[in-house]
Amino acid sequence: MLIIGSHVSYKKETGLVGSVKEALSYGANTFMFYTGAPQNTARFPINEDQVAEAFALMEEHNMIASKVIVHAPYIINLANGDEEKFDFSCRFLQQELQRVAACRMHYLVLHPGSHVGQGIDAGIDNVIRGLNHILEQDDSDVMILLETMAGKGTELGRDFHEIKRIIEGVKKQDRIGVCLDTCHIHDAGYSLNEFDKVLDDFDQLIGLDKLKCLHINDSKNYQGAHKDRHANIGFGEIGFDTLLNIIYHKKLEEIPKILETPYVDRMYPPYRKEIAMIKSKQFDPELLEKIKIHPSDES
Ligand code: FE
Ligand code: FE
Ligand code: ZN
């Protein structure tokens with residue numbers, strides 16, 4: 001069965017219930033959320049009643065709650081060795097793990113971080129040190145999923161080797177996994193037209209059993225551009241057929257597919273129609289126009 005959803009909002013008033021309702025409105029059976037704004041670290045306590053209500057709602061609608069993903073805020077940067085910044089990132093990630101557990105979720109996606117000029121080796125050492133420090137003091141069952149990155153600026157995780165190096169340094173192996181982002185690996189230089197080769201490469205270096213989440217995005221830029229600008233499904237340089245091949249890949253059946261594609265005109269969420277188009281397996285060149293005219297219906 002296809003396990004598919006998108007990034008959804010999480011608002012203070014409606015909490016996880018609001019997120020589930022938004023995912024349902026897109027025809028999704030899973031989703032991804034941030035426990036607050038992605039760009040900042042302002043957070044509020046998780047409301048347990050809302051979590052219980054959200055799980056009842058997910059069960060009622062046959063959603064796959066065990067595969068819901070949480071994404072950590074962008075400003076956590078374990079790769080920066082500056083003591084003050086490093087401590088802040090560690091402390092915040094520690095609290096974030098507790099919030100994920102309070103939401104009864106199992107996966108937290110994390111950008112490995114940027115070394116900000118300190119060098120790849122130092123950056124990777126910092127990430128490993130941070131992860132071990134955090135996991136040592138956390139006994140939840142939340143798995144941290146390192147996201148593959150486009151390699152913008154001094155971003156770490158721009159290829160499977162860097163991800164492998166970080167994973168190898170983590171002591172609690174059952175608490176670390178990977179989230180593969182199609183736009184990011186395309187921008188990092190991988191050819192998604194030869195996806196079986198990419199998967200083999202991943203399997204040999206890291207192991208497919210570590211892959212727990214897929215971010216499905218098209219890319220506005222050419223392969224190897226190191227830009228990280230997401231495009232709507234089929235409207236970018238990767239293309240519909242190539243993305244479809246990944247989405248329906250036999251080896252990835254059990255892995256949740258999460259769309260992080262841009263809102264049309266920065267206003268209209270594309271997810272309901274993108275998910276419907278993926279299920280129909282038929283590219284619709286008019287899709288973005290249709291989203292503007294009828295943002296909420298399926299046709
Ligand atoms: Fe991400
Ligand atoms: Fe992503
Ligand atoms: Zn991205």
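These numbers come from a predicted model, not from an experiment. When a ligand or atom number is given, it counts from 1 through the structure's own listing order. For the single chain, residues carry numbers from 1 onward in sequence order.
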### Query
On the ring face of Phe235, is Arg229 found with NZ or CZ under 6.0 Å from the centre and within 45° of the axis?
no
### Task
Nearest 10° is fine: what angle sits at the Zn ion (ligand 3) between OD1 from Asp228 and NE2 from His184?
90°
### Query
Quick check: does any side chain N or O of Lys257 sit under 3.5 Å from a backbone N or O of Ile255, one acting as donor and the other as acceptor?
yes
#### Entry: Atom pair CD/OH of Glu22 and Tyr10 - distance to nearest 0.5 Å
13.5 Å
### Message
Quick check against the 3.5 Å criterion: does Gln118 have a side-chain atom that pairs as donor or acceptor with the backbone of Gly81?
### Response
yes
### Query
Does Lys292 pair with Glu289 as a salt bridge, N-O distance under 4.0 Å?
yes
### Query
Looking at the Zn ion (ligand 3), is one of the N, O or S atoms of His215 less than 2.8 Å from it?
no
### Task
Evaluate side chain to side chain contact (heavy atoms under 4.5 Å, CB included) for Phe195 paired with Leu252, printing each intermediate quantity in order.
CA-CA 12 Å; Phe195 187 66; Leu252 308 177; 3.7 Å; yes
### Task
Tell me the protein N, O or S atoms under 2.8 Å from the Fe ion (ligand 1), in chain and number order.
His71 NE2, His111 NE2, Glu147 OE1
### Task
Show the numbers, then the answer: is there a side chain to side chain contact (heavy atoms under 4.5 Å, CB included) between Leu244 and Phe283?
CA-CA 10 Å; Leu244 216 60; Phe283 180 62; over 6 Å; no
